Asker: 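Right, I'll just put the structure down here and ask away after.
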Amino acid sequence: MVLVFAESQKGNFKKTAFEAVTYGYKTAQVLGTECVALALGSANNAADLGLYGASKVLHVADAALDQFDGQVYAKVIAEVSQQVGAKVIVLSHTSTGKAIHGRLAARLDAGSVAGVNSIPTVDGGFKVKKGVFSGKAIAEYAINSDVKILSVMGNSLQPAIVGSPAAIEAANVAVPASRVKVKSVSRIEGIVPLPEAELVVSAGRGMKGPENWGIVEDLANTLGATTACSRPVADVHWRPHHEHVGQTGIAIRPNLYIAIGISGAIQHFAGVNNSKTIVVINKDPEAPFFKAADYGVVGDLFEVVPQLTEAVKKFKAAQG
Amino acid sequence: MKLLVCVSKTPDTTTKIVFNASKTELDANGVQYIMNPYDEWYALVRALELKEALGGTVTLINVGPADNDQVIRKGLAIGADDAVRIDLNPQSALSVAFQIAEYARQENYDIILLGKETIDYNGSEIGAMIAEYLDQPFISYASKLDTSDGKTASIQRDIEGGMEELEVDTPFVVSAAKGLAEQRIPNMKGIMMAKSKSLKVVAPAAFEDKAVTVQYTLPPAKSAVKMIAPDNMEELVKLLHEEAKVI
Ligand SMILES: Cc1cc2nc3c(=O)[nH]c(=O)nc-3n(C[C@H](O)[C@H](O)[C@H](O)COP(=O)(O)OP(=O)(O)OC[C@H]3O[C@@H](n4cnc5c(N)ncnc54)[C@H](O)[C@@H]3O)c2cc1C
């Protein structure tokens, strides 16, 4: 059986969980087995996990699980997986998943691969792939332990509806006490966080100053995109640090990455190279980013970006 | 405080990646190696700051062959007191964590620090593994870590689109993200002193790998960039919709 730990935010299951279940479902098909989802703590729309291929949802409802502690979660997930005899455990490669993944591997003496981006194969043993060296290569791993732990890179597959709402079954597990005291959790409301964003509009030093960011925000709002920036821009506080993408910031893999006034240094590219489509707007035709772009516009961003926003508006209006 | 900082060696991001003929290993010739930036800039420097404020020792640990000594010496030059290298060319994250945990178990460190991930494999697994082997709390992606008594620490942790503030008592394991400290460049005196600091080489404990790399491949070549005239943004939108299908 493939057991998928489905992450939620305050009990709401979203894209991250649906992707993990889709991955688990496809893996279960390869292995000729079933895919079961596991929900911990509040679970409002857990039945939806069935839509993406979970044959049922196991639920540990203990309210103590509403505070996240990787140590507690790993114990609970490990125990459930042993109760049901799971052979593959699937997590999301998120801040939550990363705090659990390694623990499960150590606890269950299991081989693990973190950040996988394709479905495992079983010809000649269990094998699975992930991107390495800043996207410059793909590594294939063989896992030879009885139990295997995989975490799925965000946006690496499209959640697909294949079933109907799942039955929810209580799982009986004692939840150990946490040794971590969470004081507060704050999230920026109203925007899709960068690691989950499908559309990203990003700008760099070519913007000249923070006062000019209005045109970037207009474009992002028109598209429904999340904004990002290059490191120097965050370093001088033109933009908040959580927008900084790249080797030292966050790595993202949106469907569309629009880079405005960013030269495309390798350290920047390392964080965005997994984007499906890259658009580069730069006045310098020699900017290195053009080599990695799908679409390029050589021009002054102060003219090009507002025109692009207008064109998107027209397109949206025509779409109705 | 007794602090342990795990440091690893990674190819620099700017390095050209070439594999051996059978595509099973990175061809180390011509690869420029560095200390993993998250280990060096944030984990190590924050450990040094804690030691400066509260007293104690900062020990570096690395699992790797003798070639890694250069990177370890750099950590000593930045200010760590001594270092341990477990003499093993590791084949998996779990084996690295297992070796570090085996060593740390006898030493009773207050805090074990490491970078949030390495910049080559980005697995972000080792901290959680060490913590599990040692049955300790693990706080990942710390962008702030303060302790006035060396016993209870307040930590700020980055999560998707926000942050979490928490408190935890030592001993624990923590992984470092940007913000935790500011990079320190080793000075001449540090480099000289590093030469005489202890770098102990320890034999590895027996461990069987469970997940190993079998093959590397290169990603499919990107098709050439399509240039669009700056006064024709309708065309770009059309292509994004019809060809790329992303809007
Ligand atoms: C170890 C290390 C780690 C790093 N990590 C990161 C990281 O995580 N993320 C990151 O981003 N960087 C990182 N960097 C820095 C990186 O090397 C580059 O310096 C940085 O990405 C450059 O930012 P930029 O493209 O905004 O600025 P610049 O390189 O200055 O580029 C600005 C661009 O704007 C264009 N431009 C200017 N005016 C206009 C205009 N009017 N219209 C259109 N285009 C215009 C210019 O032609 C130029 O290409 C790192 C560096 C090191 C050494």
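Chain letters run A, B, ... following the sequence lines, proteins first and then strands; every chain starts at 1. For clarity, every value in this text was computed on a predicted model and none was experimentally measured.
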Asker: Could you state the interatomic distance from CZ (Arg179(A)) to CZ (Phe138(B)), rounded to the nearest 0.5 Å?
Answerer: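 These two atoms lie 14.5 Å from each other.
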Asker: Contact part of Thr226(A) toward chain B, heavy-atom cut-off under 4.5 Å: side chain, backbone, both or neither?
Answerer: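 Looking at Thr226(A), nothing touches chain B.
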Asker: Just wondering, do Val132(A) and Asp120(B) contact through their side chains at under 4.5 Å, heavy atoms?
Answerer: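 A side-chain contact is absent here, since even the closest heavy-atom pair is not under 4.5 Å.
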Asker: Does a side-chain heavy-atom distance below 4.5 Å link Val304(A) with Met233(B)?
Answerer: yes
Asker: Go through Ala311(A), Gly111(A), Ser184(A), Ser145(A) and name the one with the most non-hydrogen pairs under 4.5 angstrom from chain B.
Answerer: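 Option with the greatest count: Ser184(A).
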Asker: Would you compute the distance between atom NZ of Lys75(A) and atom CD of Glu132(B) and round it to the nearest 0.5 angstrom?
Answerer: 7.0 Å
Asker: What's the spacing between Glu164(B) CD and Gln67(A) CD if we round to 0.5 Å?
Answerer: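 Here the interatomic distance stands at 7.5 Å.
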Asker: Mind ranking Lys238(B), Lys222(B), Glu234(B) by heavy-atom pairs under 4.5 Å with chain A and telling me who comes out on top?
Answerer: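 Sorted descending by pairs with chain A, the first entry is Lys222(B).
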Asker: Looking at Val212(B), Ile139(B), Leu239(B), Leu218(B), which one has more heavy-atom pairs under 4.5 Å with chain A than the rest?
Answerer: Val212(B)
Asker: Using heavy-atom distances under 4.5 Å, tell me whether Pro11(B) contacts chain A through its side chain, its backbone, both, or neither.
Answerer: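 Side chain of Pro11(B) only, per the 4.5 Å heavy-atom cut-off to chain A.
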Asker: If you count heavy-atom pairs within less than 4.5 Å of chain B, which of Ala114(A), Ala142(A), Ser134(A) leads?
Answerer: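 Most heavy-atom pairs within the cutoff with chain B belong to Ala142(A).
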Asker: Under a 4.5 Å heavy-atom cut-off, does chain A meet the side chain of Tyr141(B), its backbone, both or neither?
Answerer: side chain
Asker: Can you tell me which portion of Lys291(A) sits under 4.5 Å from chain B's heavy atoms? Options are side chain, backbone, both or neither.
Answerer: neither
Asker: Quick check on Glu196(A) against chain B: is it the side chain, the backbone, both or neither that has a heavy atom closer than 4.5 Å?
Answerer: side chain
Asker: Roughly how far, to the nearest 0.5 Å, is CE of Met163(B) from OG of Ser95(A)?
Answerer: 12.5 Å
Asker: So what's closer than 4.5 Å to chain B heavy atoms on Val128(A): side chain, backbone, both or neither?
Answerer: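 Neither; nothing under 4.5 Å.
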Asker: Check this for me, if you would: do Glu165(B) and Lys183(A) make a salt bridge, where the nitrogen-to-carboxylate-oxygen distance has to be below 4.0 angstrom?
Answerer: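 So Glu165(B) does not pair with Lys183(A) through a salt bridge.
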Asker: Under 3.5 Å, side chain of Lys136(A) to main-chain N/O of Thr15(B), donor-acceptor pair present?
Answerer: yes
Asker: Can you find a pair of side-chain heavy atoms, one from Gln267(A) and one from Thr14(B), that are under 4.5 Å apart?
Answerer: yes
Asker: With respect to chain A, which residue among Asp158(B), Leu240(B), Thr10(B) yields the maximal number of heavy-atom pairs within a distance under 4.5 Å?
Answerer: Leu240(B)
Asker: Taking side chain as C-beta onward, heavy atoms only, is Phe68(A) less than 4.5 Å from Ile159(B)?
Answerer: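 No - every pair of side-chain heavy atoms lies 4.5 Å or more apart.
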Asker: Between Ser186(A), Pro193(A), Ala139(A), Gly135(A), which residue shows the highest count of heavy-atom pairs closer than 4.5 Å to chain B?
Answerer: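 Maximum pair count with chain B is reached by Ser186(A).
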Asker: Compare every heavy atom of Trp41(B) with every heavy atom of Arg231(A), then report the nearest pair and how far apart it is.
Answerer: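 Nearest heavy atoms, Arg231(A) then Trp41(B): NH1-CZ3, 3.7 Å.
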Asker: For chain B, which of Ala270(A), Gly299(A), Gly115(A), Ala99(A) has the most heavy-atom pairs under 4.5 Å?
Answerer: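 Most heavy-atom pairs under 4.5 Å with chain B: Ala99(A).
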Asker: Between Lys210(B) and Asn144(A), is the side chain to side chain contact (heavy atoms under 4.5 Å, CB included) condition met? List the steps.
Answerer: CA-CA 5 Å; Lys210(B) 286 147 194 88; Asn144(A) 56 30; 3.9 Å; yes
Asker: Which answer fits Phe98(B), side chain, backbone, both or neither, if we ask what part of it has an atom under 4.5 Å from a heavy atom of chain A?
Answerer: neither
Asker: Under 4.5 Å from any heavy atom of chain B, what part of Lys127(A) do you find: side chain, backbone, both or neither?
Answerer: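 Side chain of Lys127(A) only, per the 4.5 Å heavy-atom cut-off to chain B.
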Asker: Which region of Ile119(B), side chain (C-beta onward) or backbone (N, CA, C, O), has a non-hydrogen atom less than 4.5 Å from a non-hydrogen atom of chain A, or is it both or neither?
Answerer: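 Contact with chain A involves both backbone and side-chain atoms of Ile119(B).
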Asker: Which region of Ala97(B), side chain (C-beta onward) or backbone (N, CA, C, O), has a non-hydrogen atom less than 4.5 Å from a non-hydrogen atom of chain A, or is it both or neither?
Answerer: neither
Asker: Counting only non-hydrogen atoms closer than 4.5 Å, does Leu223(A) touch chain B with its backbone (N, CA, C, O), its side chain (CB onward), both, or neither?
Answerer: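 When you check distances to chain B, only side chain atoms of Leu223(A) fall under 4.5 Å.
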Asker: Counting only heavy atoms not in Glu25(B), do more than 12 sit closer than 6.0 Å to its CD atom?
Answerer: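 Not buried by this count: 12 neighbours or fewer within 6.0 Å.
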Asker: Top residue by heavy-atom pair count (under 4.5 Å) with chain A, among Thr217(B), Ile247(B), Leu26(B), Val168(B)?
Answerer: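 Option with the greatest count: Thr217(B).
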Asker: Let me know if Lys116(B) has heavy atoms under 4.5 Å from chain A in its side chain, its backbone, both or neither.
Answerer: side chain
Asker: Can you tell me which portion of His101(A) sits under 4.5 Å from chain B's heavy atoms? Options are side chain, backbone, both or neither.
Answerer: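 Answer is side chain: those atoms of His101(A) sit under 4.5 Å from chain B.
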Asker: Within the structure provided, determine whether Ser112(A) and Glu125(B) are in side-chain contact (heavy-atom separation under 4.5 Å).
Answerer: yes
Asker: Side chain, backbone, both or neither: which part of Gln136(B) has a heavy atom under 4.5 Å from chain A?
Answerer: backbone
Asker: Does any heavy atom of chain B fall under 4.5 Å from the side chain of Ile138(A), the backbone, both, or neither of them?
Answerer: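 For Ile138(A), heavy atoms of backbone and side chain both lie under 4.5 Å from chain B.
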Asker: Does a side-chain heavy-atom distance below 4.5 Å link Gln319(A) with His241(B)?
Answerer: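 Yes, side chains in contact.
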Asker: Answer with side chain, backbone, both or neither: which region of Ile126(B) has an atom nearer than 4.5 Å to a non-hydrogen atom of chain A?
Answerer: neither
Asker: Answer yes or no: are there more than 12 heavy-atom neighbours, outside Asp149(B) itself, under 6.0 Å from its atom CG?
Answerer: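 More than 12 heavy atoms, drawn from other residues, nucleotides or ligands, come within 6.0 Å of this atom.
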Asker: Between Ile130(B) and chain A, which part of the residue has a heavy atom less than 4.5 Å away: side chain, backbone, both or neither?
Answerer: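 Looking at Ile130(B), nothing touches chain A.
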Asker: Quick check on Leu94(B) against chain A: is it the side chain, the backbone, both or neither that has a heavy atom closer than 4.5 Å?
Answerer: side chain
Asker: Is there side-chain contact between Val180(A) and Phe172(B), with heavy atoms separated by less than 4.5 Å?
Answerer: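 Result no, sub-4.5 Å side-chain heavy-atom pair not found.
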Asker: So for Asp135(B), is it side chain, backbone, both, or neither that comes closer than 4.5 Å to the heavy atoms of chain A?
Answerer: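 Looking at Asp135(B), backbone and side chain both touch chain A.
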Asker: Which of the residues Asn232(B), Ile17(B), Asn122(B) is involved in the greatest number of heavy-atom pairs with chain A at under 4.5 angstrom?
Answerer: Ile17(B)
Asker: Would one find more than 12 heavy atoms of other residues, nucleotides or ligands at under 6.0 Å from atom NZ of Lys144(B)?
Answerer: no
Asker: Which bit of Pro37(B) comes within less than 4.5 Å of chain A, counting heavy atoms only: side chain, backbone, both or neither?
Answerer: side chain
Asker: So which of Glu208(B), Met129(B), Glu235(B) has the biggest tally of heavy-atom pairs under 4.5 Å with chain A?
Answerer: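 Highest number of heavy-atom pairs under 4.5 Å: Met129(B).
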Asker: Can you tell me which portion of Asp109(A) sits under 4.5 Å from chain B's heavy atoms? Options are side chain, backbone, both or neither.
Answerer: both
Asker: Please identify, among Leu308(A), Thr309(A), Val72(A), Ile100(A), the residue contributing the most non-hydrogen atom pairs under 4.5 Å to chain B.
Answerer: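 The candidate making the most pairs under 4.5 Å is Leu308(A).
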Asker: Without hydrogens or angle criteria, can the side chains of Thr94(A) and Glu160(B) be said to hold a donor-acceptor pair below 3.5 Å?
Answerer: no
Asker: What's the separation between atom NZ in Lys226(B) and atom CG in Asp294(A), rounded to the nearest 0.5 Å?
Answerer: 9.5 Å
Asker: Please rank Gly224(A), Ala74(A), Gly131(A), Ala110(A) by heavy-atom pairs under 4.5 Å with chain B and give me the top one.
Answerer: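 When all of Gly224(A), Ala74(A), Gly131(A), Ala110(A) are compared, Ala110(A) has the most.
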Asker: With a 4.5 angstrom heavy-atom cut-off, is it the side chain or the backbone of Thr13(B) that approaches chain A, or both, or neither?
Answerer: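 Looking at Thr13(B), backbone and side chain both touch chain A.
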Asker: Less than 4.5 Å to any heavy atom of chain B: does that hold for the side chain of Lys130(A), its backbone, both, or neither?
Answerer: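 Looking at Lys130(A), just its side chain touches chain B.
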Asker: Between Thr277(A) and Glu243(B), is any pair of side-chain heavy atoms under 4.5 Å apart?
Answerer: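 Thr277(A) does not reach Glu243(B) side chain to side chain.
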Asker: Please classify the contact between Ala292(A) and chain B as side chain, backbone, both or neither, with a heavy-atom cut-off of under 4.5 Å.
Answerer: backbone
